[in-house]
Peer 1: 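Dropping the structure in here first, questions after.
Remember, it's 1-based here, ligands and their atoms both numbered in the order they're listed.
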Amino acid sequence: MNKTIIQVKDLHKKYGEFEAVKGISFDVLEGEIFGLLGPNGAGKSTTLEIIETLREKTSGEVWVDGLNLEESPNEIKKIIGVQLQTSGFYPSLTLTELIILFAGLYNEEVDPMSLLDKVNLRDKAKAKFKELSGGQKQRFSIATTLINKPKIIFLDEPTTGLDPQARRNLWDLIRDIRAHGTTVIITTHYMDEAEVLCDRVAIIDSGKIIALNTPDKLIDELVATGFEKPKEVKQANLEDVFINITGHTLREE
Ligand code: ADP
Ligand code: MG
């Protein structure tokens, strides 16, 4: 049994009178890919940003790798990697220049080429950020989360807007990062993605966790209630057709 690396207890967040997070509690285990799912406005990003020390909580307790959020926010910052909005990247700097810039901010020594290798962007080292495709931008922004060799990375909707090939490529990258021992917390609106990628998921709605388990157990629980799909399930879906005829090869050159 893996140890708990993140513990959230009775977390509340109010924006003025509006309560966006209404007392949620969950644990994330070391080395897992943990998914936060929920409709827009459910409170996913708010929850992540509180754990990332980027947003104040209203009440509740959070520990990250044994560090208390209120007592040791700076220590927490050192062991986590946060995916920034790609709009924050200087568009005219090359990937190498951006990595050196970020490494400087983190006060870290980093070899840009080996970092770019991790996300399969070595041949783009001299390309400007603005010249990358959507999938490459996402891969690069994930690379920047790894600069400080974090124990945990936070990915907020990393695959939104990507084509099926780029999405699958990102799944491989995320699995690879986890295989190297990094814990991953991810939000997504794609349930197929959560099903294949996440060890466990928490489903949040209107600021409350309404389900938390492995995808497999959640599906079994639903089936056990007598739930049946309205239509006969086919052996493939349209995405299978798409991938089958267009292949897995990434289309970005
Ligand atoms: P999610 O990421 O699940 O879509 P968010 O955490 O971004 O949800 O937002 C949760 C709720 O809090 C939403 O209703 C949103 O409008 C509101 N909210 C988020 N940030 C702010 C803010 N800075 N000020 C006021 N309301 C906010
Ligand atoms: Mg969000």
Peer 1: Who's the nearest protein heavy-atom neighbour of atom 6 (O) of ligand 1, and how far?
Peer 2: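 For atom 6 (O) of ligand 1, the nearest protein heavy atom comes out as Thr46 OG1, 2.5 Å.
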Peer 1: Using salt bridge (charged side-chain N to carboxylate O under 4.0 Å, His left out), reason through Lys78 and Asp65 one step at a time and then give a plain yes or no.
Peer 2: CA-CA 11 Å; Lys78 285 181 196 155; Asp65 199 29; over 6 Å; no
Peer 1: Is Thr182 close to Ile152 at the side-chain level, that is, under 4.5 Å between some pair of heavy atoms?
Peer 2: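 No, their side chains stay 4.5 Å or more apart.
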Peer 1: So for Gly43, does at least one of its heavy atoms come nearer than 4.0 angstrom to any atom of ligand 1?
Peer 2: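 Gly43: in contact with ligand 1 (<4.0 Å).
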Peer 1: With a 4.0 Å cut-off on heavy atoms, is Arg55 touching ligand 1?
Peer 2: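 Heavy atoms of Arg55 do come under 4.0 Å of ligand 1.
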Peer 1: Regarding ligand 1, does Asn40 bring an N or O atom to under 3.5 Å of one of the ligand's N or O atoms?
Peer 2: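 N/O-N/O distance below 3.5 Å does not exist for this pair.
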Peer 1: Pick out which of Asp220, Leu218, Ile219 makes a side-chain contact (heavy atoms from CB on, under 4.5 Å) with Asn213.
Peer 2: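 Running side-chain contact (heavy atoms from CB on, under 4.5 Å) over Asp220, Leu218, Ile219 with Asn213 returns exactly one hit, Leu218.
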Peer 1: Does NZ or CZ of Lys124 lie under 6.0 Å from the centre of the six-membered ring of Phe140, at an angle within 45° of the ring axis?
Peer 2: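 Ring-cation test returns no.
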Peer 1: Does Ser45 bring an N, O or S atom to within less than 2.8 Å of the Mg ion (ligand 2)?
Peer 2: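 It does: Ser45 brings an N, O or S atom closer than 2.8 Å to the Mg ion (ligand 2).
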Peer 1: Quick one: do Glu32 and Arg200 make a salt bridge, cutoff under 4.0 Å?
Peer 2: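 A salt bridge is present here (some side-chain N lies under 4.0 Å from a carboxylate O).
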Peer 1: For residues 103-114, which side-chain donor-acceptor pairs fall under 3.5 Å, sequence neighbours excluded?
Peer 2:
residue	atom	partner	partner atom	Å
Glu108	OE1	Lys149	NZ	3.4
Asp111	OD1	Met113	N	3.3
Ser114	OG	Asp111	O	3.3

Peer 1: Can you report which non-hydrogen protein atom sits closest to atom 4 (O) of ligand 1, along with the distance?
Peer 2: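 For atom 4 (O) of ligand 1, the nearest protein heavy atom is Gly41 N, 2.7 Å.
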Peer 1: Within the structure, does Thr47 bring an N/O atom to less than 3.5 angstrom of an N/O atom in ligand 1?
Peer 2: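 For ligand 1, there is no N or O atom that lies under 3.5 Å from one belonging to Thr47.
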Peer 1: Students should be able to answer this: which protein heavy-atom is nearest to atom 7 (O) of ligand 1, and at what distance?
Peer 2: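 Scanning the protein heavy atoms, the shortest distance from atom 7 (O) of ligand 1 goes to Ser45 CB, 3.8 Å.
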Peer 1: Assess whether salt bridge (charged side-chain N to carboxylate O under 4.0 Å, His left out) is satisfied between Lys208 and Glu19, documenting all intermediate values.
Peer 2: CA-CA 10 Å; Lys208 289 188 176 146; Glu19 193 168 28; over 6 Å; no
Peer 1: For Leu11, run the side-chain contact (heavy atoms from CB on, under 4.5 Å) check against Thr47, Leu69, Ile209 and tell me which one passes.
Peer 2: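 Among Thr47, Leu69, Ile209, the one that satisfies the side-chain contact (heavy atoms from CB on, under 4.5 Å) with Leu11 is Thr47.
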Peer 1: Nearest protein heavy-atom contact for atom 15 (C) of ligand 1: which residue, which atom, what distance?
Peer 2: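 For atom 15 (C) of ligand 1, the nearest protein heavy atom is Phe18 CE2, 4.7 Å.
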Peer 1: Give the residue, atom name and distance (to 0.1 Å) of the protein heavy atom nearest atom 18 (N) of ligand 1.
Peer 2: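 Of the protein heavy atoms, Tyr15 CE1, 3.3 Å lies nearest.
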Peer 1: Going by the atom numbers of ligand 1, which of them fall below 4.0 Å from some non-hydrogen atom of Ala42?
Peer 2: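 Ligand 1 atoms under the 4.0 Å threshold to Ala42: 1 (P), 3 (O), 8 (O).
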